[in-house]
Amino acid sequence: MAFGSSSLIWFRKGLRIHDNPALDYASKGTAALYPVFIIDPHYMKPDYNAFSPGSSRAGLNRIRFLLESLVDLDSNLKKLGSRLLVLKGEPGEVLFRCLKQWDVKKLCFEYDTEPYYQALDVRVKNGGKPPLTYQSFLKLAGEPSWASSPLMTSRSSLPLVGDHGDCEIFEVPTLKELGYEDTEQEDYLTPFRGGESEALKRLRDSLSDKEWVAKFEKPKGDPSAFLKPATTVLSPYLKFGCLSSRYFYQCLKDVQKIVKKHTSPPVSLVGQLLWRDFFYTVAFGTPNFDQMKNSTICKQIPWNDNDELFAAWREGRTGYPWIDAIMVQLHKWGWMHHLARHCVACFLTRGDLFVHWEKGRDVFERLLIDSDWAINNGNWLWLSCSSFFYQYNRIYSPISFGKKYDPNGNYIRYFLPILKDMPREYIYEPWTAPLSIQTKAKCIIGKDYPKPVVLHDSASKECKRRMGEAYALNKKFNGLVSEEELSSLRKRLEEEDDKKNQVQEVKTKKQKTIDDWMSTK
DNA sequence: GCATGGTTGAATTT
DNA sequence: AAATTCAACCATGC
């Protein structure tokens with residue numbers, strides 16, 4: 001073995017062989033190649049204090065997806081005469097030790113170091129100002145230079161794996177070995193399997209219906225479709241790099257060459273890939289992108305701090321079956337249709353509960369198998385009308401929105417089996433069902449399934465009012481709202497709301513007295 | 001400074 | 001069911 005000419009590829013994301021520039025570069029002109037993945041116990045070990053099964057950082061479904069992806073990567077490496085070297089420990093320390101001990105001369109990992117990308121960065125960065133709209137992003141980004149250049153999508157061999165000395169090498173662990181128990185219970189198992197092989201299979205399946213690919217229009221999918229989702233579900237594979245976004249992009253362009261009549265960005269499938277890069281660009285160029293405070297793009301809004309409402313949302317017991325079913329799908333599958341994500345995000349924040357978007361963001365971040373820092377934060381900013389999108393009067397109805405796709409409530413019946421026998425006229429508003437119907441459906445509202453935590457009509461009105469006031473405050477101070485201003489607005493809004501509720505209470509009391517009096521007559 | 005258009009609504013009318 | 005109206009705010013770009 002050529003001494004001192006070995007290289008190491010550090011897999012973090014980019015868990016694939018096809019079109020993997022870091023792998024190509026690492027294996028070029030080297031005698032030995034160390035393909036390494038480091039298991040960070042902090043990321044992987046069970047955390048029993050978390051609100052759902054999983055580690056402190058990730059839900060069980062995403063950990064499972066990652067392990068499956070690693071097993072697949074290892075098997076694909078083995079087909080090429082190599083293997084995955086799994087190490088354990090704090091990644092920085094472990095890597096440093098290996099580099100030294102193995103005398104590695106070249107360390108490669110997924111980061112765009114090519115001059116082309118650096119040049120692109122400068123252009124896209126637009127003089128330090130990231131574009132804040134999709135259209136202006138498109139203009140700045142233009143057509144990628146690799147749009148029609150061949151990619152390395154297959155290879156016949158890899159350099160031999162170098163001697164790993166006395167470093168302890170592991171196989172990809174199972175969930176059980178990581179300390180998780182009862183993981184085979186069908187109930188909480190995402191139907192989506194991880195790995196490059198699965199990604200490429202899914203890509204081929206999606207692309208086989210060329211008409212469907214060409215006509216894809218994002219806002220038009222059916223969020224209640226779950227047996228056969230209305231989108232490609234390639235996002236988790238893109239997230240972990242099991243699928244190359246460039247390869248995906250080229251495949252889509254190839255379809256467009258065949259089917260001339262096709263949709264365009266932002267609604268087309270290519271458009272979806274570009275949304276990814278739009279959010280990466282803004283997120284990279286915006287300080288404090290993932291928070292409200294000290295953000296240059298986030299509206300300062302006096303969200304409330306109601307942990308009971310937040311917990312009800314998180315656990316899928318708001319009393320709105322459409323909302324709760326979506327949250328159950330999030331827990332069980334780690335994936336929902338994008339419009340379903342919109343509904344629950346809107347409901348939690350500006351639509352009904354007025355809870356801080358950062359709290360919802362954290363829940364998605366943990367539970368989604370495709371959670372991606374920039375995209376997740378970007379969408380929560382969007383849906384909460386904190387940035388990018390500002391029409392806070394447009395609120396998804398937790399009753400009628402789902403109904404127009406799924407009037408029979410099949411989606412609700414599947415994810416909330418307690419409601420499976422509720423007649424279709426009450427499935428979206430079970431609290432309106434007469435008690436006799438509830439009894440017959442074996443689901444008493446308030447006992448077997450919760451009453452609504454808020455009344456949508458009055459709650460959404462109150463939310464709009466608060467958003468209006470908050471927007472006015474942001475305008476007044478040109479976005480630079482101090483904490484004092486914000487908390488004084490919060491106080492005022494809550495006091496006004498309390499007063500209203502008191503008036504309402506008096507009214508209902510009066511009405512009740514009248515009713516009682518009438519009934520005695 | 002001002003007109004324009006914007007992936008992702010709802011209510012109402014036809 | 002599809003079309004129309006409503007109401008609305010911002011980044012962009014001239």
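Residue numbers start from 1 in every chain, and the chains themselves are labelled A, B, ... in the order their sequence lines are given, proteins ahead of strands.
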Undergrad: For A/His456 and B/dG9, what is the distance between atoms NE2 and P respectively, to the nearest whole Å?
TA: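 My rounded result for the distance is 14 Å.
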Undergrad: Mind checking if A/Ser397 touches a base, just sugar-phosphate, or nothing, with heavy atoms under 4.0 Å?
TA: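 Sugar-phosphate only.
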Undergrad: Could you give the NZ-to-C1' distance, from A/Lys220 to C/dA1, as a whole number of Å?
TA: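 Atom-to-atom, A/Lys220 to C/dA1, this comes out as 14 Å.
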Undergrad: Think A/Arg246 forms a cation-pi with A/Trp146, using NZ or CZ under 6.0 Å from the six-ring centre and within 45 degrees of its axis?
TA: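 Yes, A/Arg246 and A/Trp146 form such a contact.
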Undergrad: Would you mind telling me which residue lines up with the more 5' stretch of DNA chain C, A/Gln391 or A/Ile297, judged by nearest nucleotide?
TA: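 Result: A/Gln391.
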Undergrad: Report the nucleotide, chosen from B/dT7, B/dA10, C/dC10, that has the shortest atom-to-atom distance to any side-chain atom of A/Tyr471.
TA: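 So the side chain of A/Tyr471 is nearest to C/dC10.
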Undergrad: How far, in whole Å, is B/dT7 from C/dT5 if one measures between their P atoms?
TA: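 That atom pair is separated by 23 Å.
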Undergrad: C/dA11 phosphate, OP1 or OP2: any side-chain N/O from A/Tyr134 under 4.0 angstrom?
TA: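 No, because none of the side-chain N or O atoms of A/Tyr134 sits under 4.0 Å from OP1 or OP2 of C/dA11.
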Undergrad: Whole angstrom is fine here: how far is it from CZ in A/Phe278 over to C1' in B/dG6?
TA: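 It works out to 12 Å between those atoms.
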Undergrad: Is the shortest side-chain heavy-atom distance between A/Val363 and A/Leu330 below 4.5 Å?
TA: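 A/Val363 reaches A/Leu330 side chain to side chain.
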Undergrad: Taking only side-chain nitrogens and oxygens of A/Thr133, does any of them come within less than 4.0 Å of OP1 or OP2 of B/dG6?
TA: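 For B/dG6, OP1/OP2 do not have a side-chain N/O of A/Thr133 under 4.0 Å.
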Undergrad: In whole angstrom, give the distance that lies between atom CG of A/Leu383 and atom P of B/dG9.
TA: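 Atom CG in A/Leu383 sits about 10 Å away from atom P in B/dG9.
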Undergrad: Go ahead and name the base partner of C/dA7; Watson-Crick or wobble counts if both distances stay under 3.5 Å, otherwise write none.
TA: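 Here C/dA7 is not engaged in any pair, so there is no nucleotide opposite it.
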Undergrad: For residues A/Trp313 and A/Phe347, establish whether the separation of their ring centroids is below 6.0 Å.
TA: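 Ring centres of A/Phe347 and A/Trp313 not closer than 6.0 Å.
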Undergrad: Given C/dC10, C/dT12, B/dT7, identify the nucleotide with an atom nearest to the side chain of A/Val267.
TA: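 It is B/dT7.
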Undergrad: Just N and O in the side chain of A/Lys464: are any of them under 4.0 Å from OP1 or OP2 of C/dA8?
TA: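 The answer is no; no side-chain N or O of A/Lys464 sits under 4.0 Å from OP1 or OP2.
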Undergrad: Would you say the ring centroid of A/Phe388 lies under 6.0 angstrom from that of A/Phe279?
TA: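 Yes, close enough.
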Undergrad: Would you say A/Gln135 places a side-chain N or O within less than 4.0 Å of OP1 or OP2 belonging to B/dT4?
TA: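 So the side chain of A/Gln135 is outside the cut-off, no N or O lying under 4.0 Å from OP1 or OP2 of B/dT4.
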Undergrad: Is the distance from the ring center of A/Trp333 to that of A/Phe415 below 6.0 Å?
TA: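 Ring centres of A/Phe415 and A/Trp333 closer than 6.0 Å.
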Undergrad: Quick one: A/Lys129 NZ to C/dT12 C1', roughly how many Å, whole number?
TA: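 These atoms are roughly 11 Å apart.
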Undergrad: Starting the side chain at C-beta, find the nucleotide from B/dA10, C/dA7, C/dC10 nearest to A/Tyr396.
TA: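 Side chain of A/Tyr396 sits closest to B/dA10.
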Undergrad: Nearest to the side chain of A/Leu132 - B/dA10, C/dT12, C/dC10?
TA: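 Of the candidates, C/dT12 comes closest.
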Undergrad: Among B/dT7, C/dA11, C/dA8, which nucleotide has an atom closest to any side-chain atom of A/Trp275?
TA: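 My answer, after comparing the listed nucleotides, is B/dT7.
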Undergrad: Roughly how many Å is it from CZ in A/Phe137 to C1' in C/dG13, rounded to a whole number?
TA: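 For the pair A/Phe137 CZ and C/dG13 C1', the rounded distance is 19 Å.
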Undergrad: So, is A/Tyr390 close to the C/dA8 phosphate, meaning a side-chain N or O under 4.0 Å from OP1 or OP2?
TA: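 Answer no for this pair, as no side-chain N or O of A/Tyr390 is under 4.0 Å from OP1 or OP2.
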Undergrad: For C/dC14, which nucleotide in any strand shown is its Watson-Crick or wobble partner with both distances under 3.5 Å?
TA: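 When the pairing criteria are applied, B/dG1 turns out to be the nucleotide that pairs with C/dC14.
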Undergrad: In whole Å, I'd like the distance from the CG atom of A/Leu269 to the C1' atom of B/dT7.
TA: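 Result: 13 Å.
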Undergrad: Between A/Arg394 and A/Lys475, who's closer to the 5' end of DNA chain C by nearest nucleotide?
TA: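 This one resolves to A/Arg394.
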Undergrad: Could you tell me if the ring centre of A/Phe192 sits under 6.0 Å from that of A/Phe65?
TA: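 That pair fails the under 6.0 Å test.
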Undergrad: To the nearest Å, give me how far apart CZ (A/Phe388) and P (C/dA8) are.
TA: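 Those two atoms, CZ and P, are 24 Å apart.
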